[in-house]
Amino acid sequence: MAKLWGGRFDGKNEAWIDAFGASITFDQKLAKQDILGSLAHVKMLVHTGIISQPDGEAIIGGLTTIQQQLAAGELTFTIENEDIHLNIETFLHELIGPVAGKLHTARSRNDQVATDMHLYLKEVVQEVITLIAELREALVLQAEANIYTIMPGYTHLQHAQPISFAHHLLAYYSMLTRDQERFSESLSRIDVMPLGSAALAGTTFPIDRAFTAQELGFSNIYSNSLDAVSDRDFILEFLSNASLLMMHLSRFCEELILWCSHEYQFVELTDTFSTGSSIMPQKKNPDMAELIRGKTGRVYGNLFGLLTVMKGLPLAYNKDFQEDKEGMFDSAETITKSLQIMTGMIATMKVNQARMQESTEKDFSNATELADYLAGKGVPFRQAHEIVGKLVSECLSKGIYLQDVSLEDYQAIHPAIDSDIFEKLDSYTAVKNRHSYGGTGFDQVAQQIEAAKALLAGK
Ligand code: ARG
């Protein structure tokens with residue numbers, strides 16, 4: 001069949017050039033949305049009297065058949081028909097004959113493709129929001145089981161101060177809450193309909209865009225036709241939100257990978273999320289966590305790819321826009337899968353509470369406790385810091401820890417130090433006493449958990 005836009009062309013096509021220009025190999029993912037858009041458009045054409053009722057019914061009948069064939073996996077798309085829009089329209093021609101040609105009245109592929117992508121992302125973002133909420137839920141459950149699990153908190157990857165493991169998990173909960181908010185907020189900009197902008201300038205036909213928007217469930221309509229067909233901000237925003245999300249997941253994965261190493265042994269991932277080695281029989285590798293960390297790269301790449309595609313494009317449509325799709329599909333798939341894997345990993349991981357606690361007992365992460373203790377007795381904090389620093393240095397040369405120093409030696413260092421210091425140096429006490437708002441104290445952590453649960457329950 002000749003090309004649907006072939007009127008002014010000599011009809012001689014080069015298959016390899018067609019293949020370069022075609023998008024059907026990837027934009028067939030938009031088939032469902034494309035048919036929905038066409039159905040809404042044709043109903044509007046009948047509603048406004050632009051085409052007759054019988055013509056409209058024939059087109060609706062044909063599109064409905066194509067919809068069923070799509071669901072049954074019976075459609076075979078072809079490169080000759082370039083993209084999803086021309087493929088579907090060609091199927092329609094084959095099914096109902098020349099009346100199919102009336103579907104494209106007052107429409108262009110430019111507003112059609114933009115509409116398809118708005119519809120697609122609306123669905124994806126809603127799914128992403130649900131998946132993030134499920135991961136947040138898994139984190140809160142693990143946190144609840146680990147309020148009293150003590151672990152070393154780090155700065156510079158050096159033991160800093162002991163914290164509750166739940167507090168650490170809830171830090172990721174907070175990041176993911178912001179991620180979810182960002183996706184939710186972006187919906188208002190995705191939920192806008194370009195259809196009815198036609199090629200770039202609107203149309204001379206008396207269309208009813210409000211009718212089409214209602215049919216398609218859009219809350220808003222683009223008010224400038226040039227903007228409508230040229231805007232890819234909503235995709236960039238999605239890619240940017242996806243990048244931030246992946247950055248968070250990647251940091252978490254990096255920690256999980258460290259934590260299940262022999263050096264840490266803080267957690268164990270279940271077999272489902274691990275793999276073995278083809279040569280070293282003992283290996284249990286955290287492949288899924290590593291892959292999420294690795295896939296973060298392609299999600300960033302998709303953002304930068306599209307930002308670069310867009311930066312020099314004059315208004316309105318340019319074929320460059322066709323490059324907006326693969327990255328969007330890829331990021332959508334990557335983040336939905338990564339979120340599902342992450343939720344499974346967190347929900348099923350085994351926490352080695354004894355090992356975590358132990359690693360806070362053979363270190364100097366209680367040095368701040370001693371300095372705070374002295375400051376509490378009126379010693380200026382800077383001076384207290386100096387005293388404790390010297391003591392740490394002495395302990396290091398003797399191969400002991402602060403809790404091994406005798407009361408006598410403590411009192412020689414400063415007379416204000418009493419026997420209650422030993423309880424203060426205990427990592428459990430150190431965590432418990434951090435009551436400041438947002439701190440790691442058990443009461444604070446419990447409050448965070450309650451607030452998280454209330455938020456997740458939609459209260
Ligand atoms: N396949 C095209 C794309 O994805 C559809 C729009 C084509 N419009 C045009 N004027 N050539 O961007």
Side-chain angles (χ1 to χ4, degrees), residues 143 146-175 251 255 258-259 263-266 351-451:
N146 285 287
I147 299 179
Y148 301 102
T149 304
I150 310 295
M151 72 178 285
Y154 296 83
T155 61
H156 312 266
L157 204 59
Q158 304 285 322
H159 283 206
Q161 290 170 350
I163 56 171
S164 148
F165 182 48
H167 196 55
H168 197 112
L169 293 171
L170 290 171
Y172 284 103
Y173 166 87
S174 298
M175 295 174 223
R251 291 181 75 178
E255 296 203 306
L258 287 172
W259 291 345
E263 284 66 26
Y264 283 78
Q265 297 177 48
F266 284 180
V351 181
N352 191 342
Q353 297 167 331
R355 169 82 188 131
M356 279 190 183
Q357 163 98 35
E358 186 190 77
S359 84
T360 66
E361 284 160 2
K362 302 249 177 307
D363 71 354
F364 288 93
S365 63
N366 50 3
T368 315
E369 304 321 300
L370 182 55
D372 283 355
Y373 180 92
L374 285 169
K377 301 269 181 189
V379 180
F381 184 78
R382 281 288 154 233
Q383 198 185 327
H385 187 286
E386 175 80 15
I387 294 170
V388 180
K390 286 211 171 90
L391 181 59
V392 167
S393 170
E394 273 171 40
C395 286
L396 280 170
S397 59
K398 288 187 193 152
I400 59 167
Y401 297 101
L402 292 177
Q403 53 274 35
D404 304 324
V405 176
S406 69
L407 183 59
E408 212 181 346
D409 286 347
Y410 268 128
Q411 284 172 340
I413 291 163
H414 201 287
I417 303 181
D418 217 335
S419 62
D420 61 343
I421 186 59
F422 295 104
E423 205 227 327
K424 291 269 162 36
L425 290 175
D426 184 60
S427 54
Y428 186 90
T429 318
V431 175
K432 192 179 73 170
N433 287 345
R434 283 190 159 64
H435 298 293
S436 58
Y437 177 77
T440 192
F442 304 128
D443 55 344
Q444 288 299 317
V445 171
Q447 269 177 38
Q448 284 184 64
I449 291 174
E450 284 322 304

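Distance check: Q161 CD to D363 CG gives 11.0 Å after rounding to the nearest 0.5 Å. Within the model, atoms NE2 of H159 and OG of S359 stand 4.5 Å from one another, a figure rounded to the nearest 0.5 Å. For the atom pair CD (Q357) and CD1 (I150), the distance works out to 5.5 Å, reported to the nearest 0.5 Å. Annotation: the span from T360 atom OG1 to M151 atom CE amounts to 10.0 Å, rounded to 0.5 Å.
Contact between F364 and L396 at its shortest, heavy atoms only, is CE1-CD2, 3.6 Å. Closest heavy-atom contact between Y410 and L402: OH-O, 2.6 Å. Nearest heavy atom pair, residue I417 against residue L407, reads O-CD1, 4.3 Å. Residues R355 and E263 come closest through the heavy atom pair NH2-O, 2.9 Å. The two residues S427 and E361 have their closest heavy-atom pair at OG-CG, 4.5 Å. A160 approaches T155 most closely through the heavy-atom pair CB-N, 3.7 Å.
Between K390 and E386 there is a salt bridge, with a side-chain nitrogen of the basic residue lying less than 4.0 Å from a carboxylate oxygen of the acidic one.
The backbone N or O of E423 sits less than 3.5 Å from a side-chain atom of T429, completing a donor-acceptor pair. The main-chain N or O of A416 is found under 3.5 Å from a side-chain atom of H414 such that the two form a donor-acceptor pair. The main-chain N or O of L170 is found under 3.5 Å from a side-chain atom of S174 such that the two form a donor-acceptor pair.
A 4.5 Å side-chain heavy-atom check between F381 and D372 finds at least one atom pair inside the cut-off. Put simply, the side chain of K362 reaches to within 4.5 Å of the side chain of Y401, judged on heavy atoms. At least one side-chain heavy atom of D418 sits under 4.5 Å from a side-chain heavy atom of Q411. Side-chain contact between Y264 and P152: absent, with no pair of heavy atoms (C-beta onward) separated by less than 4.5 Å. Looking at L374 and K377, their side chains never come closer than 4.5 Å, going by heavy atoms from C-beta outward. Within the 4.5 Å cutoff, the side chain of D404 has no heavy atoms near those of the C395 side chain. K424 is not listed as a side-chain neighbour of L370, based on a closest heavy-atom distance of 4.5 Å or more.
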Report task. Show your reasoning for whether side-chain contact (heavy atoms from CB on, under 4.5 Å) applies to Y373 and D420. Result -> CA-CA 10 Å; Y373 180 92; D420 61 343; 2.5 Å; yes
Query raised in the report: Given the rule in the side chain to side chain donor-acceptor pair (under 3.5 Å) test, do Q448 and H167 qualify, once you have shown the distances and angles that lead to the verdict?
Result: CA-CA 9 Å; Q448 284 184 64; H167 196 55; 3.1 Å; yes
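Below 30°, between 30° and 60°, or above 60°: for W259 and F165 the angle between ring planes is above 60°, a perpendicular geometry. A tilted orientation is assigned to the rings of H168 and Y172, their planes being inclined by 30° to 60°.
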Listed pairs under 3.5 Å, donor-acceptor, residues 431-442 side chains, sequence neighbours left out:
unit_1: R434; atom_1: NH1; unit_2: E369; atom_2: OE1; d: 3.4
unit_1: R434; atom_1: NH1; unit_2: E369; atom_2: OE2; d: 3.0
unit_1: R434; atom_1: NH1; unit_2: A430; atom_2: O; d: 2.9
unit_1: R434; atom_1: NH2; unit_2: E369; atom_2: OE2; d: 3.1
unit_1: H435; atom_1: ND1; unit_2: D443; atom_2: OD1; d: 3.4
unit_1: H435; atom_1: ND1; unit_2: D443; atom_2: OD2; d: 2.9
unit_1: T440; atom_1: OG1; unit_2: S164; atom_2: N; d: 2.9

